[in-house]
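As structure tokens, the structure follows; a few thoughts come after it.
Atoms within each ligand, like the ligands themselves, are counted from 1 in listed order. None of the values given here were measured: they were computed from a predicted structure.
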Amino acid sequence: MKKITGDQISIQSAAHNAKGVSPMTKPEIASRIAELRALIAKANHDYYDLHQPTVGDRDYDLWEAELLRLEEENPEFKEAASPVRQVAGGVAEGFKKVTHNPPMQSLDKTHAKSELAAFDTFVRTQLSQPAINSQQPTTGFTYVIEPKVDGVSLALKYSNGKLVQAATRGNGTIGDDITANARTIASIPKTLPADAPRELEVRGEAYMTREGFIALNERQAALGLEEFANPRNACAGSLKQLDAKVTAERPLDVVIYNAGGVGCDGFASHSEMIAAFAKWGFPVAPWSRRAKTLEEMFAAIDELQEKRHTFRFEIDGAVIKIDEREFYAPLGATAHGPRWARAYKYAPERAETVVEAITVQVGRTGILTPVAELKPTELAGSTIARATLHNADQIARQDIRIGDHVWLVKAGDVIPAIDSVIVEKRTGNEVPFVMPAKCPVCGGAVRREEGEVAVRCVNPACGAQLRRRLEHFASRNALDVKALGGKVADALVEKGLVTDVLDLFALREEEVVNLDLGDTEVEPNTFFDLLQPVRKFGKNGLNMLKAVDAARELPLHRWLFAMGIPNVGVTVAKDIAAEHERFSDLADSAVLKHVLENDAKKGKEREILPIKVEAAKAVLGFFASDYGRAFAERMKALRINPAAEKKVAAKTTGALAGMGCVLTGSLSRPRSEYAALIEQAGGIVQSAVTSKTRYLIAGANVGATKTEKARALGTEVIDEARLLELLK
Ligand code: AMP
Ligand code: ZN
């Protein structure tokens with residue numbers, strides 16, 4: 001199949017523009033229209049149905065604009081079935097269907113302020129309102145400017161004040177019923193306060209937070225699963241899960257910005273309506289401006305663009321709406337979108353660079369990850385020299401070759417990613433990437449498991465994996481062996497002193513002291529290093545051994561995290577450790593087995609347990625594996641049997657001594673910072689509310705269900721300010 005890239009289109013567009021001097025003939029126009037329709041339809045399918053975009057947003061918008069223009073100029077070719085006259089987004093199988101009344105529309109898009117000026121003129125002509133300037137205030141209409149949230153649109157219906165239905169936009173008229181999934185989104189109110197209409201429909205956008213997206217992709221990668229291209233795709237994929245339990249694990253949130261078909265008629269203005277939504281418990285956009293004039297509108301758009309990276313969600317532009325709702329009916333709508341609103345899309349921040357090489361990294365779990373080595377380039381405030389290419393499938397899909405000129409973007413505003421290849425810059429000397437058939441580090445066999453996109457080195461003694469495991473083992477939240485950095489890990493593995501992380505406990509002093517740390521590349525990091533004529537590990541090596549020895553006594557949760565089991569992060573490790581006495585209890589843990597049994601139960605029978613199913617599965621799976629069994633044996637032989645920190649008695653002083661605390665919602669400081677403060681005050685940070693939780697610290701956007709459930713368990717729900725008071 002021929003791959004579509006945005007840049008092939010740019011060539012075509014350019015060719016047509018060049019011909020623009022002598023206008024296209026009708027057959028040429030007809031064929032260009034057909035071509036654009038096919039391209040857009042394919043892009044829509046890749047994006048909405050497969051959640052695997054194949055073109056950049058900018059290019060997509062350009063096709064759409066070109067098609068709209070050609071269809072407007074040549075009405076004889078207009079067709080109701082044209083993708084620009086329909087709302088994109090297929091209807092997925094496996095979901096009940098919901099009919100939207102009125103249909104959920106898209107928005108007409110603009111890319112230049114001149115187009116907004118034309119919009120302004122249009123509105124004024126329609127409403128017979130003279131153009132105004134800031135000196136001449138008028139009682140006429142007002143614009144509202146809002147962020148254009150780049151997520152997945154959805155509609156929420158309430159009956160008798162209870163959430164009864166959530167649906168995706170689908171094709172605008174018919175969407176998918178995703179009620180069960182939406183119920184797992186904490187910030188969606190499940191019950192409305194008494195002053196809200198009993199029958200209500202609101203519409204808005206679901207999104208995945210930036211941090212959530214990064215964490216999710218790390219997890220997907222660790223499990224050898226496909227990573228998501230951006231937060232929007234991750235969100236779409238998460239909402240379209242047939243199993244709501246999967247959705248529940250995904251960090252989703254919503255912003256409500258539109259009226260639905262019922263319960264919203266009483267408002268004179270959009271701003272009043274949004275204020276009411278907020279009062280009823282719906283998350284609304286944290287930023288909006290009102291503008292009387294075009295200049296004020298432009299100023300707001302510029303301000304929003306400045307702020308675009310400060311939101312929890314990604315935005316791809318501004319939405320300009322008329323505030324007074326009395327004008328909606330007179331202005332009407334097209335089949336595509338309302339005439340009283342426009343989207344203004346910001347050009348994505350992107351930079352051109354060259355793929356100089358594609359290297360392959362081997363991770364802790366053996367996954368081979370291709371990485372693009374780029375000509376260093378400035379993008380959105382940082383210099384970027386590398387970008388992960390995820391896996392061979394992704395490279396093939398984007399057809400990225402070594403030597404290609406590419407557009408670099410930041411996925412989720414943070415992670416460097418290749419958006420598309422600039423095909424017209426190809427010279428023919430570009431080299432396609434081939435995934436190595438052997439591990440590039442140990443030369444061992446590689447394998448691709450059924451159902452995974454990742455290729456793994458399956459050699460358990462692979463140096464690359466071992467090196468990464470060692471680094472993780474020694475990291476701060478694990479066993480905290482500071483003297484064991486990357487270079488030392490390299491040397492220990494290379495010299496064959498360590499073939500498993502537990503070999504650290506069997507190292508002899510002279511081996512370590514005389515360990516050759518290699519070339520002068522090594523940065524001296526202490527004054528002592530400077531005095532060392534040869535790069536021997538020396539005294540730092542002795543320090544390392546001391547730290548290793550001390551690690552024997554570290555609490556169970558630190559060890560559990562150090563072992564690097566997928567799905568077992570710092571907090572999960574703490575939760576699991578808290579339910580056990582010692583390391584030796586884990587392999588055959590009744591508590592973990594109970595978690596799995598409980599998961600199979602239905603409805604009321606299911607208890608709320610402090611340990612996640614995935615985590616329990618992973619830990620039991622680890623100890624059932626050959627490696628896990630050997631690890632446990634070796635721990636026994638080394639007489640290391642870490643004990644859990646005493647549960648409540650851990651700290652008997654401090655304002656929160658022995659109290660379980662759960663942090664939820666969006667907080668103004670990083671969670672880890674609050675966790676540290678709580679622990680300093682003697683509190684115990686938990687990942688989920690249990691009967692032992694004293695406080696639920698609820699940040700912004702926390703749904704009523706979550707807090708109600710907490711209260712039912714005897715947990716007090718407090719906000720950040722109250723927490724800070726308690727900590728004082
Ligand atoms: P597009 O998805 O590019 O066709 O743009 C139209 C979509 O933008 C709408 O269908 C909404 O889902 C979405 N959107 C995001 N933020 C807003 C907002 N503040 N007001 C209206 N629509 C919005
Ligand atoms: Zn290997």
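The closest approach between a heavy atom of Met104 and any atom of ligand 1 is not below 4.0 Å. Under the 4.0 angstrom criterion for non-hydrogen atoms, Arg203 is not in contact with ligand 1.
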Residues Thr369, Gln361; criterion side-chain hydrogen bond (donor to acceptor under 3.5 Å, both in side chains); working and verdict: CA-CA 5 Å; Thr369 307; Gln361 284 190 345; 5.8 Å; no

Output, in order, the C-alpha distance, side-chain angles, deciding distance and verdict of salt bridge (Lys or Arg N to Asp or Glu O under 4.0 Å) for Glu64 and Lys109. CA-CA 9 Å; Glu64 205 181 57; Lys109 271 155 245 163; 3.3 Å; yes

Residue pair Phe282, Tyr158: steps toward the ring pair (Phe, Tyr, Trp, His ring centres under 6.0 Å) verdict: CA-CA 12 Å; Phe282 292 103; Tyr158 293 80; 5.5 Å; yes

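Here the heavy atom of the protein found nearest to atom 16 (N) of ligand 1 is Val149 N, 3.0 Å. For atom 2 (O) of ligand 1, the closest heavy atom belonging to the protein is Arg169 NH2, 3.8 Å. Regarding atom 14 (N) of ligand 1, its nearest protein heavy-atom neighbour is Tyr257 OH, 3.1 Å. Protein heavy atom nearest atom 19 (N) of ligand 1, with residue, atom name and distance: Glu146 OE1, 2.8 Å. In terms of protein heavy-atom proximity, atom 8 (O) of ligand 1 is nearest to Lys148 NZ, 3.4 Å. At the top of the distance list for atom 12 (O) of ligand 1, counting protein heavy atoms only, stands Glu205 OE1, 2.8 Å.
Within the listing of ligand 1, atoms 12 (O) sit less than 4.0 angstrom from a heavy atom of Ser153. Contact atoms of ligand 1 toward Gln105: 10 (O) (distance under 4.0 Å to a heavy atom of the residue). Near Lys321, meaning under 4.0 Å from any of its heavy atoms, are these atoms of ligand 1: 18 (C), 19 (N), 20 (N), 21 (C). In summary, the atoms of ligand 1 found under 4.0 Å from a heavy atom of Lys109, numbered by their order in the structure, are 1 (P), 3 (O), 4 (O).
Annotation: cation-pi geometry not satisfied between Arg469 and Phe631 (NZ/CZ under 6.0 angstrom from ring centroid, within 45° of ring axis).
The SG atom of Cys439 and the SG atom of Cys457 meet at the Zn ion (ligand 2) at an angle of about 110°, given to 10°. Between the SG atom of Cys462 and the SG atom of Cys442, the angle taken at the Zn ion (ligand 2) works out to 110° after rounding to 10°.
Counted within 6.0 Å of CD on Glu306, heavy atoms from surrounding residues, nucleotides or ligands total 12 or fewer; the atom is thus considered open.
Between the side chain of Asn391 and the backbone N or O of Ala454, no donor-acceptor pair lies under 3.5 Å.
A tilted orientation is assigned to the rings of Phe267 and Trp280, their planes being inclined by 30° to 60°.
Of the residues listed (Asp120, Thr293, Asp323), the one engaging Tyr143 in a side-chain hydrogen bond (donor to acceptor under 3.5 Å, both in side chains) is Asp120, and it is the only one.
Contacts between Leu107 and ligand 1 below 4.0 angstrom, taking non-hydrogen atoms only, involve backbone and side chain alike.
Checked against a 6.0 Å centroid threshold, the rings of Phe119 and Tyr344 do not count as neighbours.
The pair Arg448-Asp393 counts as a salt bridge, with a side-chain nitrogen and a carboxylate oxygen less than 4.0 angstrom apart.
Inclusion of Ser106 in the set of residues having an N or O under 3.5 Å from an N or O of ligand 1 is warranted. Checked by distance only, ligand 1 and Pro147 come closer than 3.5 Å through their nitrogen or oxygen atoms. Taking any N or O of Asn258, backbone or side chain, none lies under 3.5 Å from an N or O belonging to ligand 1.
Between Tyr257 atom OH and Glu146 atom CD the span is 9.0 Å, to the nearest 0.5 Å.
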